[in-house]
Amino acid sequence: MQAKLSVLEKAQTASRATPEVPSRRRRLSKEARFEEILVAAEQVFCEAGFEAATVAEIARRAGVVEGNVYRYVKSKRELLAHVISEWYSRKNDELEKEFAQIASVQSRLRYLIAAHLRNMRDSPALLRLILREGRANDAEFREIVGKLNQRYTGYLRSTIEAGVQNGEFRPQTPVRLVRDMIFGGIEHHSTRFLMGEGHLDVESIADQLLQLVLLGVRAEVLASPKRKAIRPSK
């Protein structure tokens with residue numbers, strides 16, 4: 001009995017000397033810790049919105065004290081910029097990877113339209129946050145989001161330009177306007193869904209939008225028939 005007790009006492013002593021570190025407080029590199037903070041920040045921003053979100057809640061979910069968050073960023077707004085930047089980085093990497101496997105202009109156009117609709121469908125809270133805060137009264141923040149969005153939308157612009165260059169699209173195609181029309185149309189059409197109403201049929205909408213765009217820019221669109229002159233009656 002005494003031997004068993006000694007073993008137990010030794011185990012308890014060892015446990016007190018080297019307490020178990022909670023999983024959220026395990027030692028991580030600075031980069032890995034910041035990744036955990038960004039994951040927590042995305043969750044809180046999407047759930048509460050930017051204004052209602054607090055750094056304290058983000059820190060709690062990341063398993064750090066609030067002061068540690070400010071070792072990585074100067075403000076809540078800067079933290080949001082990092083969250084949005086991470087999202088754009090992931091999506092741009094996906095677009096670049098897929099682009100390498102798609103040959104035709106029309107197929108690329110269809111893919112990009114569907115990809116943006118899919119992003120709306122799969123991450124409505126984050127896309128709603130990006131659209132809203134991208135218009136915030138903060139010039140520096142708008143510039144950051146604008147540059148990120150420029151690369152994201154650049155794939156569509158380069159696809160339309162390629163269609164003009166190879167003769168598939170009319171030479172006078174307003175490339176920037178067509179790009180804005182596609183993204184603006186998707187944003188407007190998805191508004192109710194982003195606000196939590198209805199559903200988003202990605203494939204059906206992508207097909208319809210693609211046809212509308214092609215009818216407007218395709219080089220082989222037939223000219224309107226000439227009207228016959230009406231002779232005045234005698």
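Values below: every heavy atom of this structure, side chains too, minus hydrogens, waters and symmetry copies.
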Q | Positive for salt bridge (charged side-chain N to carboxylate O under 4.0 Å, His left out) with Arg61, one of Glu66, Glu36, Glu47 | A | Glu47

With the side chain counted from C-beta on, respond yes when [X] and [Y] share a heavy-atom pair under 4.5 Å apart, and no when they do not.
{"X": "Lys147", "Y": "Ile144", "value": "no"}
{"X": "Met120", "Y": "Leu131", "value": "yes"}
{"X": "Tyr70", "Y": "Val55", "value": "yes"}
{"X": "Glu203", "Y": "Arg110", "value": "yes"}
{"X": "Leu129", "Y": "Glu42", "value": "no"}

How long is the span from the [atom1] atom in [X] to the [atom2] atom in [Y], to the nearest 0.5 Å?
{"X": "Leu212", "Y": "Gln208", "atom1": "CG", "atom2": "CD", "answer": "7.5 Å"}
{"X": "Thr54", "Y": "Lys76", "atom1": "OG1", "atom2": "NZ", "answer": "7.5 Å"}
{"X": "Phe34", "Y": "Arg71", "atom1": "CZ", "atom2": "CZ", "answer": "12.0 Å"}
{"X": "Glu51", "Y": "Arg132", "atom1": "CD", "atom2": "CZ", "answer": "10.0 Å"}
{"X": "Ile58", "Y": "Gln43", "atom1": "CD1", "atom2": "CD", "answer": "10.0 Å"}
{"X": "Ile37", "Y": "Leu79", "atom1": "CD1", "atom2": "CG", "answer": "8.0 Å"}

Kindly list each side-chain donor-acceptor pair under 3.5 angstrom involving residues 90-103, sequence neighbours excluded, with atom names and distances?
from	atom 1	to	atom 2	distance (Å)
Lys91	NZ	Asn119	OD1	3.4
Asn92	ND2	Tyr88	O	3.1
Glu96	OE1	Arg151	NH2	3.1

Q) So, Ser190 side chain and Glu187 main chain: donor-acceptor pair closer than 3.5 Å or not? A) no

Q. Hey, is the main chain of Tyr155 close enough, under 3.5 Å, to the side chain of Thr159 for a donor-acceptor pair?
A. yes

[X] and [Y]: which non-hydrogen atoms are nearest, and at how many Å?
{"X": "Val202", "Y": "Leu117", "answer": "O-CD1, 3.7 Å"}
{"X": "Val69", "Y": "Ala59", "answer": "CG2-CB, 3.8 Å"}
{"X": "Val83", "Y": "Leu38", "answer": "CG2-O, 4.0 Å"}
{"X": "Leu209", "Y": "Ile113", "answer": "CD2-CG2, 3.8 Å"}
{"X": "Ala48", "Y": "Ala53", "answer": "CB-N, 4.0 Å"}
{"X": "Arg128", "Y": "Met195", "answer": "CD-SD, 3.8 Å"}

**Q.** Mutual orientation of the aromatic rings belonging to Phe183 and Tyr152 [parallel < 30°, tilted 30-60°, perpendicular > 60°]
**A.** tilted

Q. Is there a side-chain contact (heavy atoms from CB on, under 4.5 Å) between Leu109 and Phe169 once you walk through the steps?
A. CA-CA 12 Å; Leu109 194 58; Phe169 299 161; 4.2 Å; yes

Q) Is there a chain of hydrophobic side chains (I, L, V, M, F, W, Y, each step under 4.5 Å between heavy atoms) that links Ile84 to Val39? A) no

Q | is_close_aromatic(His82, Tyr72), centroid dist under 6.0 Å | A | no

Q | Cation-pi geometry met for Arg121 and Phe193 (6.0 Å, 45°) | A | no

Crowding at [atom1], [X] (>12 non-hydrogen neighbours, <6.0 Å):
{"X": "Arg142", "atom1": "CZ", "value": "yes"}
{"X": "Gln150", "atom1": "CD", "value": "no"}
{"X": "Arg118", "atom1": "CZ", "value": "yes"}

Q) Would Ile160 and Val105 count as a side-chain contact (heavy atoms from CB on, under 4.5 Å) if you check the C-alpha gap in whole Å, the side-chain angles of each, and the deciding distance to 0.1 Å? A) CA-CA 8 Å; Ile160 300 168; Val105 167; over 6 Å; no

Q: Please assess Asn68 against Val65 for the test side-chain contact (heavy atoms from CB on, under 4.5 Å), listing each intermediate value before the final yes or no.
A: CA-CA 6 Å; Asn68 279 354; Val65 297; 3.6 Å; yes

Q. Could you go step by step and tell me if Leu126 and Phe45 meet the side-chain contact (heavy atoms from CB on, under 4.5 Å) rule?
A. CA-CA 8 Å; Leu126 184 59; Phe45 285 138; over 6 Å; no

